[in-house]
Amino acid sequence: MSNCLGLYIEENIIKYAKVSKERDNLKVETFGTKFYDNLDKAIKQVIEETYSYKTPISINLSDEIYNYFQVFALLNKKDLPRAINTEFESFCADKNFNPNVFENRYAITQDTQAKEKLKVIHISENKIELNKTTQRFSGYRLQNITPISMSISNITNFKENCLIINIEEKTTITTILNQNIYNIKKIEVGSQDILEKINIKENSYQKAYEICKETTIYTSEGRDLIEETGYLEDIMPTLYEIVGQVKKIINESFDKIEKVYISGTGALINNIDLYFEEYLENVKCEILKPSFIKISPEINIKDYVEVNSAISLALSGLGEGISGMNFKNTTLTDKLPEFLKMDNSGKKGNTKSKKVNGNFFALDFNIPLDSIEKGIIRGIVGALILFVIFSCFSYMIKMQIDEKLIQAKEVVDNINKQMSLVDKDIQSLQNKTNEYTTKINNLQEINKRIEENNRTKKSIPILLNKLMYIMPEGVQIVSIENTTGNHIEIQAQSREYAQLGYLTTNIRISSVLTNVISTAGQKENNIITIKIEGDLP
């Protein structure tokens with residue numbers, strides 16, 4: 001039986017889950033959440049409490065960068081990594097980055113819109129930050145460092161096209177098409193924004209976390225629920241921004257998204273799935289649950305949902321999910337056989353050792369060598385012989401290469417002279433091309449603006465005329481703004497929630513605007529103000 005400890009680490013919180021695997025059976029042995037001021041002490045406490053001194057550990061990557069490239073599907077397997085590396089180097093050149101400071105991994109899937117091409121999800125992390133993380137776990141068996149966006153899909157098997165909304169410290173939206181991860185969207189807002197706002201009121205991060213778990217979101221069927229708790233005003237703006245991003249992804253997707261799964265700390269808020277489902281019309285929303293945990297009256301599945309991220313990381317450490325996403329580079333110590341590895345006391349497991357001047361050696365020559373030790377010695381001698389032979393051949397080849405290089409340099413110098421003349425002609429043509437391209441773009445932009453002005457010229461008067469007939473009594477329009485393109489934002493106020501609700505419903509039913517959404521009401525001096533957004537039909 002193998003096991004792995006998954007640690008999802010974010011600011012102030014560690015979520016952990018120790019998962020064991022026997023054949024195809026998975027089991028969560030222990031799990032929980034720990035709040036910390038000192039990260040190193042918190043990690044040590046989790047490892048001690050879970051008895052994971054010698055257990056492989058899998059943790060999340062942080063501050064990774066996502067890029068997307070397209071390559072031809074007919075490329076040879078040997079040429080594919082080279083093509084991807086070329087695309088990344090081009091990206092670094094555009095951003096003035098040094099590509100050598102990044103550790104890179106990538107996943108490949110079929111491009112759904114271009115069958116002759118493959119889509120590459122390219123993930124990179126700064127090597128300095130990666131080394132800091134690795135050194136923090138130098139005293140433990142760190143085995144896996146994986147982006148949470150790529151591991152969260154390990155929780156269950158997805159048969160439909162779906163999105164996984166993992167609302168942790170920051171929010172990641174993982175798009176799954178045809179049972180493959182197709183896209184990752186990282187949003188800079190998440191549970192941290194919610195917890196910090198509540199923490200200001202309660203002066204306790206742990207209490208803010210518990211309040212978040214106990215909060216229930218109101219839907220359009222509820223009334224005055226925002227008055228029953230002082231925390232919805234801290235929660236709703238963040239969720240509103242997240243659901244807006246999710247809706248945008250669904251609307252822009254060429255492939256139909258059939259379901260949305262919600263995970264992370266945000267999934268603990270009661271009715272969050274109903275809130276998402278209300279805004280994402282015709283898309284089923286539900287909380288992401290580990291598929292291998294059998295639901296029963298004795299098991300509170302919400303406790304497992306709370307540590308979904310840690311469970312998914314542990315599953316990655318056990319070999320589940322996408323391979324090749326581990327950012328932990330294999331060291332020489334990792335490659336050594338288990339009997340040569342030292343524990344924290346300096347002793348090796350099951351090895352005949354002898355202490356000399358305070359140091360432990362792998363072999364004691366007073367004891368006869370066993371078959372393993374003889375094999376190691378033979379291997380070392382064979383390696384030395386091969387090294388000597390290789391060095392001799394290398395020297396001979398190097399002499400021949402140096403001679404050829406001198407000849408090649410003469411040819412290259414002559415070619416460079418000719419190429420410099422060609423470059424001058426190319427630069428002259430390029431300057432002319434750029435000049436004409438700029439003029440064409442300017443003309444196209446002017447034509448586009450003229451067409452847009454002609455199209456929207458009568459839109460606002462028509463909108464005002466429609467609003468006049470559907471305006472409920474007691475509702476006042478504060479402002480109407482055409483933000484971008486066909487997008488309209490309406491600020492309305494009233495003394496009653498119901499009247500503002502009627503206005504929103506009338507706008508939707510009467511097709512005054514499409515894709516209508518509204519914000520939670522803000523009450524001040526008995527006046528309730530909301531913002532209604534939508535697109536002109």
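Starting from 1, each residue takes its place in the sequence as its number. Computed over heavy atoms, backbone and side chain alike; hydrogens, waters and symmetry mates excluded.
Sorted by first and then second residue, the pairs that involve residues 183-197 and meet side chain to side chain donor-acceptor pair (under 3.5 Å), not counting sequence neighbours, are Glu11-Gln192, Lys119-Asn183, Gln192-Glu196.
Atom-to-atom distance recorded for Lys256:NZ and Leu177:CG is 13.0 Å, nearest 0.5 angstrom. Here the CG-OG distance, from Asn161 to Ser253, works out to 7.5 Å after rounding to the nearest 0.5 Å. How far OG of Ser90 is from CG of Asn67: 10.5 Å, rounded to the nearest 0.5 Å. Interatomic distance, NZ of Lys27 versus CD1 of Ile293, reported as 11.5 Å (0.5 Å rounding). Between Asn271 atom CG and Thr215 atom OG1 the span is 11.0 Å, to the nearest 0.5 Å. For the atom pair OG1 of Thr50 and CG of Leu5, the computed distance is 4.5 Å after rounding to the nearest 0.5 Å.
A 6.0 Å sphere centred on CG of Asn251 holds more than 12 heavy atoms belonging to other residues, nucleotides or ligands. Shown here is Asn98, whose CG atom has more than 12 heavy atoms of other residues, nucleotides or ligands within 6.0 Å. Atom OH of Tyr53 has more than 12 heavy atoms from other residues, nucleotides or ligands within 6.0 Å. Residue-environment remark: NZ (Lys201) exceeds the threshold of 12 foreign heavy atoms within 6.0 Å. Sparse packing is recorded around CD of Glu524, with 12 or fewer heavy atoms of other residues, nucleotides or ligands lying under 6.0 Å away. At most 12 heavy atoms of other shown residues, nucleotides or ligands fall within 6.0 angstrom of atom NZ in Lys44.
In this structure, the side chains of Tyr140 and Ile43 come closer than 4.5 Å at one or more pairs of heavy atoms. Side-chain contact between Lys15 and Glu168 is present, with heavy atoms from C-beta onward closer than 4.5 Å. The shortest side-chain heavy-atom distance between Tyr240 and Ile517 falls under the 4.5 Å cut-off. Counting only heavy atoms from C-beta outward, the side chains of Lys18 and Ser52 approach each other to under 4.5 Å. Between Leu195 and Ile13, some side-chain heavy-atom pair lies under the 4.5 Å cut-off. Between Lys21 and Leu315 there is no side-chain heavy-atom pair separated by less than 4.5 Å. Residues Phe276 and Val283 form no side-chain contact, since every pair of their non-hydrogen atoms from C-beta on lies 4.5 Å or further apart. Between Asn104 and Tyr106, the closest side-chain pair of non-hydrogen atoms is not below 4.5 Å.
Between Gly264 and Asn166, the shortest heavy-atom distance links the atoms N-OD1, 3.3 Å. Pairing each heavy atom of Ile187 with each of Lys170, the nearest pair is O-CB, 3.6 Å. The heavy-atom pair separating Thr109 from Ile181 by the smallest distance is CG2-O, 3.9 Å. When all heavy atoms are compared, the tightest approach of Ser2 to Leu318 is OG-CD2, 3.8 Å.
Between the Asn154 side chain and the Ser312 main chain, a donor and an acceptor come within less than 3.5 Å of each other. Gln110 places a side-chain N or O within 3.5 Å of a backbone atom of Lys117 that can act as its donor or acceptor partner. Judged purely by atom type and a 3.5 angstrom limit, Glu277 uses its side chain to pair as donor or acceptor with the backbone of Cys285. Of the possible donor and acceptor atoms, none in the side chain of Lys289 sits under 3.5 Å from a partner among the backbone N and O of Thr156. Distance alone, capped at 3.5 Å, is enough to place a donor-acceptor pair between the Thr171 side chain and the Val189 backbone. Within the 3.5 Å criterion, the main-chain N or O of Gly534 finds no donor-acceptor partner in the side chain of Asn515. Between the side chain of Arg141 and the backbone N or O of Lys54 there is at least one donor-acceptor pair closer than 3.5 Å. Looking at Asn178, its side chain never comes within 3.5 Å of a backbone N or O of Asn180 through a donor-acceptor pair. When atom types are taken as modelled, the side chain of Asn326 and the backbone of Gln143 share a donor-acceptor pair closer than 3.5 angstrom. Of the possible donor and acceptor atoms, one in the side chain of Thr133 sits under 3.5 Å from a partner among the backbone N and O of Glu129.
Evaluation of the side-chain hydrogen bond (donor to acceptor under 3.5 Å, both in side chains) rule for Tyr182 yields Asp111, Thr112 as partners, not counting sequence neighbours. Checked against side-chain contact (heavy atoms from CB on, under 4.5 Å), Ala83 has the following partners two or more places apart in sequence or in another chain: Val71, Leu75. Not a single side-chain contact (heavy atoms from CB on, under 4.5 Å) links Glu214 to another residue, sequence neighbours left out. Qualifying side-chain hydrogen bond (donor to acceptor under 3.5 Å, both in side chains) partners for Lys247, counting only residues two or more places apart in sequence or in other chains: none. Taking the side-chain contact (heavy atoms from CB on, under 4.5 Å) definition, one finds that Asn25 meets it with nothing, sequence neighbours left out. Residues meeting the side-chain hydrogen bond (donor to acceptor under 3.5 Å, both in side chains) test with Glu89, sequence neighbours left out: Asn85. Taking Phe327 as the reference, nothing meets the ring pair (Phe, Tyr, Trp, His ring centres under 6.0 Å) condition, with sequence neighbours excluded. For Phe137, the ring pair (Phe, Tyr, Trp, His ring centres under 6.0 Å) test picks out no residue, with sequence neighbours left out. Residues satisfying the ring pair (Phe, Tyr, Trp, His ring centres under 6.0 Å) test with Tyr261, not counting sequence neighbours, are Phe158.
Between Phe88 and His122, the ring planes are parallel. Angles under 30° get that label, and only those over 60° would be called perpendicular.
Taking the six-membered ring for Trp and the full ring otherwise, Tyr209 and Tyr205 have centroids separated by 6.0 Å or more.
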Using a 3.5 Å cut-off and no angle test, enumerate the donor-acceptor pairs between side-chain atoms of residues 56-65 and protein atoms at least two apart in sequence or in another chain.
residue, atom, partner, partner atom, Å
Ser58, OG, Asn144, ND2, 3.4
Ser58, OG, Leu313, O, 2.7
Asn60, OD1, Ile9, N, 2.8
Asn60, ND2, Ile9, O, 3.2
Glu64, OE2, Tyr66, OH, 2.7

Distance-only donor-acceptor hits, side chain of residues 31-40, under 3.5 Å, sequence neighbours excluded:
residue, atom, partner, partner atom, Å
Thr33, OG1, Glu306, OE2, 3.3
Lys34, NZ, Glu49, OE2, 3.3
Tyr36, OH, Glu10, O, 2.6
Tyr36, OH, Asn12, N, 3.3
Asn38, OD1, Asp40, N, 3.1
Asn38, OD1, Lys41, N, 3.0
Asp40, OD1, Arg136, NE, 2.8

Apply side chain to side chain contact (heavy atoms under 4.5 Å, CB included) to the pair Asp234 and Ile200, showing each step before the final yes or no. CA-CA 10 Å; Asp234 302 318; Ile200 293 173; over 6 Å; no
Please lay out, stage by stage, how Glu286 and Lys284 fare under the test salt bridge (Lys or Arg N to Asp or Glu O under 4.0 Å). CA-CA 7 Å; Glu286 66 181 55; Lys284 178 70 175 175; 5.8 Å; no
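Remark: Lys207 does not engage Glu210 in a salt bridge, criterion side-chain N to carboxylate O under 4.0 Å.
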